[in-house]
Amino acid sequence: MKKATLSIIAFSFLLLQACSLTPPDWAKPAEKKNLSDVKIGLSVSTLNNPFFVSLKNGVQQEARAKGMEVIVVDAQNDTSKQINDVEDLLQQGIDALLVNPTDSSAISTAVQSANNLGVPVVTLDRSAEKGTVATFVASDNVKGGKMAAEYIVQQLGKGAKVAELEGVPGASATRERGSGFHQVADASLNVVAKQSANFDRTKGLTVMENILQGNPDIQAVFAHNDEMALGAIEAIESAGKEILVVGFDGNEDALNAVKAGKLAATVAQQPEAIGKAGVKAAADALQKKKTAAKIPVPLKLVTKE
């Protein structure tokens, strides 16, 4: 009887340990003094976008320079897939997680999973709403949105009719770029239409076609990224119209379109620099060095002039 009681107590203790969300100290990753032993997991929202391909390249270049291994997974703009991808990376024993969220709210559960294992998390370009993040590396999206609106006012004057192509609903970049844009546009422009095209070029084309049908007198378009801007240009050209279009990111196709005079301007980020800064932040976190809560990467407005 006494043995049975002890067995029940022992079993209960083990069960409580198993149910705990926080692992014991011995289960947490040790400080990594030798970076050549480090394995980084990189979860990207989509690799069907030149901007995020450049971001990935920046991560790989910096990791290679430091002798670190990188495992890359592509969420394909699918929130559920991204969460599963991160869980798989954690199962593979990564030492640090770099994540470019598809959805800033939904990714929180994956961030918390990494937190529970003691794996430091660095978010790239888009933030996570919950969970502990060592560093958030991104451009100042609010400032970039303001730069786009100010450029449109400068080119067309106050009261110009503008359409806004929004990014993925729920992404921090969508909220921030839209917020910055409207800080200027609500007082100085007439935003007659706005609709999400999910940061996608093909959707940018179809959404712009629909907007033009209802608002044929639009004078300008602000797209939350270059891919949507380039899709919008296709729709505008097909409709035989001349409309000022401003994008955001500064990817290679957009820069070529600016040179060709098709895209009026793009708020250019430095995706490779974002990726490289993310790896440096992860290395600092693993070596228990102090990291900044946010690392800003400079922006600049690129025009043909």
Cluster link [X] to [Y], ILVMFWY, side chain under 4.5 Å:
X: Val221; Y: Leu301; result: no
X: Ile107; Y: Leu117; result: yes
X: Val267; Y: Leu165; result: no
X: Val38; Y: Val59; result: yes
X: Val207; Y: Ile243; result: yes

Please tell me whether [X] and [Y] have a donor and an acceptor in their side chains that are separated by less than 3.5 angstrom.
X: Ser43; Y: Asp85; value: no
X: Thr174; Y: Glu166; value: no
X: Glu272; Y: Asn57; value: no
X: Thr102; Y: Gln82; value: yes

Answer whether the closest heavy-atom distance between the side chains of [X] and [Y] falls below 4.5 Å.
X: Val137; Y: Val122; result: yes
X: Val121; Y: Thr132; result: no
X: Val302; Y: Leu255; result: yes
X: Ile152; Y: Val246; result: yes
X: Ile40; Y: Leu98; result: yes

Donor-acceptor pair, [X] side chain versus [Y] backbone, under 3.5 Å?
X: Ser108; Y: Ser105; result: yes
X: Thr46; Y: Gln76; result: no
X: Lys39; Y: Gln92; result: yes
X: Asn225; Y: Phe248; result: no
X: Gln219; Y: Lys161; result: yes
X: Glu227; Y: Phe199; result: no
X: Asn190; Y: Ala160; result: no
X: Arg201; Y: Gly231; result: no
X: Asp140; Y: Lys143; result: yes
X: Asp284; Y: Thr291; result: no

Throw together a table of side-chain donor-acceptor distances under 3.5 angstrom for residues 48-56, partners on residues two or more places apart or in other chains.
{"residue": "Asn49", "atom": "OD1", "partner": "Phe51", "partner atom": "N", "Å": "2.9"}
{"residue": "Ser54", "atom": "OG", "partner": "Pro50", "partner atom": "O", "Å": "3.2"}
{"residue": "Lys56", "atom": "NZ", "partner": "Gln60", "partner atom": "OE1", "Å": "3.2"}

Problem set entry | Lys66/Glu62 salt bridge by N-O under 4.0 Å criterion |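 Salt bridge: yes.
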Problem set entry | Residue list, side-chain hydrogen bond (donor to acceptor under 3.5 Å, both in side chains) with Asp125, at least two apart or on another chain |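 For Asp125 there are no side-chain hydrogen bond (donor to acceptor under 3.5 Å, both in side chains) partners, ignoring immediate neighbours.
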Problem set entry | Counterpart residues, side-chain hydrogen bond (donor to acceptor under 3.5 Å, both in side chains), relative to Glu87 (two or more places apart) |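 Counting only residues at least two positions away or on another chain, Glu87 forms a side-chain hydrogen bond (donor to acceptor under 3.5 Å, both in side chains) with Ser113.
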For this session: Please step through side-chain hydrogen bond (donor to acceptor under 3.5 Å, both in side chains) for the pair Glu129 and Ser104, ending with a clear verdict.
Result: CA-CA 6 Å; Glu129 289 187 0; Ser104 299; 5.7 Å; no
For this session: Let me know which of Thr266, Asp226, Asp253 forms a side-chain contact (heavy atoms from CB on, under 4.5 Å) with Val258.
Result: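 Exactly one candidate clears the test, Thr266.
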Exercise. Looking at Arg175, Glu164, Lys194, Arg177, which one forms a side chain to side chain donor-acceptor pair (under 3.5 Å) with His224?
Worked result: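 Exactly one pass, corresponding to Glu164.
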